[in-house]
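Below is one structure, written out as structure tokens; comments come after it.
Reminder, nothing fancy here: chain letters follow the sequence lines and each chain counts from 1.
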Amino acid sequence: HKHKDKHKDKEHRHKDHKKDKEREKAKHSNREGRDSEKKLRDKEKEKQKHSNGSSDKHREKQKEKRRDEKVCLHKPKRENENGYARYDIKPKKKTKVKKGMEGKKPKKEEEEKWKWWEEERATDGSKWRFLEHKGPVFALPYEPLPLHVRFFCDGKQIKLSPPAEEVATFFAKMLDHEYTTKDIFRKNFFKDWRKEMTPEEKSKITDLNKCNFNEMSEHFKAQSEARKQMSKDEKLKIKEENERILQEYGFCLMDNHKERIGNFRIEPPGLFRGRGDHPKMGMLKRRIRPEDIIINCSKDSKHPKPPAGTRWKELRHDNKVTWLVSWTENIQGSIKYIMLNPSSRIKGEKDWQKYETARRLKKCVERLRTQYRDDWKSKEMRIRQRAVALYFIDKLALRAGNEKEEGETADTVGCCSLRVEHINLYPKMDDQEYVVEFDFLGKDSIRYYNKIPVEKRAFKNLQLFLENKQPEDDLFDRLNTSILNKHLQELMDGLTAKVFRTYNASITLQQQLKALTSPDDNLPGKILSYNRANRAVAVLCNHQRAPPKTFEKSMQNLQTKIDDKQKQLATSRKQLKTSKADHKASHDEKSKKAVETKRKTVQRIEEQLMNLQMQATDREENKQIALGTSKLNYLDPRISVAWCKKWEISIEKVYNKTQREKFAWAIDMAEDDFEF
DNA sequence: CTCACCACTTAGAAGACAACCG
DNA sequence: CGGTTGTCTTCTAAGTGGTGAG
């Protein structure tokens, strides 16, 4: 019954979010009415938000006032355009797509511009009302190797049966990869490979070290080389075929809208590549057949047909979930899904909601911080542990750290699963006090290393937690993510550990943008500032990448360019000097003009040089840092949109096409004064 | 509480593609 | 125009967090 209560709470929360009565009414009214009512509600929500006595209440109010003034000044007449009442209520300063809005518009056009964020959200936990799709695209069947490609074991040629040969090719394709040298990988592979062999093969092939895959490997290299060498025509043909498949299988119909599917292809069979020190690396990931597939769609939709002669495992009509297709994978036994693209309504709404939760945290974060500092003094060990863990999650943006099954995955940890061996305490270090040194492997086995001074009371608690423990013992032995999240839920509706990461990432971006952007900077300068702000977040969240293989070389190339530019600048300056001298001597129009052109040239080259240097700085600073993850998952896009608007930078400079599609909601709704 | 299960978000690497350069 | 380089897209692994049974 506990869970049920919780569920009710959640429902209640959701209902609170928007006024229920109004929504019910709106559901049955027409589009215009719905929209305007939504706006009205939003406005009310805004007011509520601003009047609930948070610390920055005053500033927020000022801001709102300012916005209203601006709106009045610049865009008072929107409502006349097509009679949509909604424009009366919350005029937009800038509305991108206007033409074609009058009267009836062609369906296709409407489809392209569908603004789901201006529509109602379901409140009953259902994710859709209608869903129709074509099912998944299966991996191509195995094509046996041509006869001339041979395989040897112990020096003797063996013609492998197709199943054994297929698995062998998986290994052969990876021969150049470091994976294949690892003991665990080889052991796992060999074990699974033998399962595919005929008894005869099994008796002949008993030692992987005696297997020679070279001809296979060479064959695949030649094949990929041949693909590269294909004529334009052939390449075009393949491209068209891919496009056809995309058009047929890459979209679904969900609640009257055509939506892009994220991954409509079933993962092909192959060898499992775990990250880090994974105990299952090299195992055979088996081929998925229609009989493994569960299809989810509307009862009243045209159901996807399984390939001829096969059947689905199950046909389901569950509109409480968002997936279209699922199957169980054989390595960990987990379920894999086919879901919609990030640009879809279903993903976008959730994403938007995530940032709204983080913004609610912003309003009460100081209160929570006071509380956890207070809890450091608690009589109860579990509360102290909870409070210190939360401090780490807040201050260092650590992940929650769920427990993991031993032997099933690589040994990685998050905050709650930190072990004694992952930290070192230094009461004094150089000129700093109470330094904690973190060294552990996090998600994807990415190393987290950080030496950081912490508050005295937190430090003393850590010393206490370490008492009488072995290195492999849990640092927070009275804590797990479920306890922590239950606590957080009580502190704020919808609060979980990961919200802190979102909040701290977004607030950092906003602060850094404010601090780094200088009005005098030119465009590349501003972009550098943006990237630096983005970088600050990536560092906070520990988003690392392997330095690109060509990094050194590309840096060198850039340096050469800079050197050349410098030389060019020197020559140009000399020429300017000469022309000035000429002008002084002759004082004629022609020489005066020459001076001017030269001056312009020098200026242009100076700027080019600066830009190159900025590019170099940017790239150097970015060597081991991945910006994409934070941009895509942690930074409220409205901050970036507002920044672009404020500095009159086109959004394309900050978001590529995919990102613009994912963040269409933010691009459409955020104004230059948006505050996270 | 633990455990198993499920659904969904977040993650870096690899592969595909496009732009640029000589 | 071909090869190289940098960017975008795809892929799928690895997390988080919710639920419900026992």
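Phosphate proximity of C/dC11 to A/N263: absent, as no side-chain N or O sits under 4.0 Å from OP1 or OP2. Contact between the side-chain N/O atoms of A/T481 and the OP1/OP2 oxygens of C/dT16 is not found at any separation under 4.0 Å. For A/N402, no side-chain nitrogen or oxygen approaches OP1 or OP2 of C/dG15 to under 4.0 Å. Between A/K336 and the phosphate of C/dA13, there is a side-chain N or O to OP1/OP2 separation shorter than 4.0 Å. A/S334 has no side-chain polar atom (N or O) that falls below the 4.0 Å cut-off from OP1 or OP2 of C/dA14.
When each of A/K657 and A/P268 is assigned the nucleotide of DNA chain C bearing its nearest heavy atom, the one mapping closer to the 5' terminus is A/K657. Of the two residues contacting DNA chain B, namely A/T322 and A/E405, the nearest-nucleotide position lying further toward the 5' end is that of A/E405. Nucleotides of DNA chain C nearest to A/S554 and A/T412 differ in position, and the one nearer the 5' end is that of A/S554.
Between C/dG6, C/dA13, C/dG15, one nucleotide has an atom nearer to the side chain of A/T550 than all others, and that is C/dG6. Checked against C/dG6, B/dC8, C/dG17, the side chain of A/N485 finds its nearest nucleotide in C/dG17. The A/K404 side chain lies nearest to C/dG15 when the options are C/dC11, C/dG15, B/dC8.
Residue-level contact check: A/G628 touches neither bases nor backbone, having no heavy atom under 4.0 Å from any strand. At a threshold of 4.0 angstrom between heavy atoms, the contacts of A/G274 are confined to the sugar-phosphate backbone, with no base atom among them. At a threshold of 4.0 angstrom between heavy atoms, the contacts of A/A497 are confined to the sugar-phosphate backbone, with no base atom among them. Within the nucleic acid shown, A/G414 has no heavy atom closer than 4.0 Å to any nucleic acid atom.
Remark: A/D439 CG is packed, more than 12 non-hydrogen atoms of other residues, nucleotides or ligands lying under 6.0 Å away. Within 6.0 Å of the NZ atom in A/K631, the count of heavy atoms belonging to other residues, nucleotides or ligands exceeds 12. By the 6.0 Å contact criterion, NZ on A/K565 is enclosed, its count of non-hydrogen atoms from other residues, nucleotides or ligands being greater than 12.
Distance A/E329 CD to C/dA14 P: 10 Å, rounded to the nearest Å. The CD1 atom of A/I261 sits 15 Å away from the C1' atom of C/dT10 (whole-angstrom rounding). Here C/dG17 presents its C1' atom at 12 Å from CD of A/E403, a figure rounded to the nearest Å. Distance A/Q332 CD to C/dG15 C1': 12 Å, rounded to the nearest Å. Between the C1' atom of C/dT10 and the CG atom of A/L246 lies a distance of 12 Å, rounded to the nearest Å. Note: CE (A/M555) to P (C/dT5) measures 15 Å, nearest angstrom. In this structure, the CG atom of A/D318 is 7 Å from the P atom of B/dA7, given to the nearest Å. A/F440 places its CZ atom 11 Å from the P atom of C/dG15, with the value rounded to the nearest Å.
In this structure the side chain of A/D351 reaches within 4.5 angstrom of the side chain of A/W665, judged on heavy atoms. Using a 4.5 Å cut-off on side-chain heavy atoms (C-beta onward), A/I562 and A/Q566 make contact. A heavy-atom distance below 4.5 Å is not found between the side chains of A/F476 and A/L484.
If you look at A/F264 and A/Y249, their ring centroids are not closer than 6.0 Å.
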_Per-nucleotide protein contact string for nucleotides 9-22 of chain B, where B marks a base within reach and S marks sugar-phosphate only (heavy atoms under 4.0 Å, - for neither)_ = SBSBSS------S-

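Looking only at atom types and distance, the side chain of A/R535 has a donor-acceptor partner in the side chain of A/N622 under 3.5 Å away. Counting only N and O atoms by type, the side chains of A/S640 and A/Y530 include a donor and acceptor under 3.5 Å apart. Inspection of the A/S554 and A/R619 side chains reveals an N or O donor paired with an N or O acceptor under 3.5 Å. Counted by atom type alone, A/K553 and A/Q556 present zero donor-acceptor pairs between their side chains at under 3.5 Å.
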For nucleotides 1-4 of chain C, list the nitrogen or oxygen atoms of the protein found under 3.5 Å from its nitrogen or oxygen atoms, one pair per line.
none

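Ring planes of A/F438 and A/F392: perpendicular class, angle over 60° (limits at 30 and 60°).
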_Walk me through whether A/F272 and A/H278 qualify under ring pair (Phe, Tyr, Trp, His ring centres under 6.0 Å)._
CA-CA 10 Å; A/F272 176 76; A/H278 198 117; 5.0 Å; yes

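Of all the residues in residues 277-296 of chain A, A/H278, A/K285 reach under 4.0 Å from DNA chain C with at least one non-hydrogen atom.
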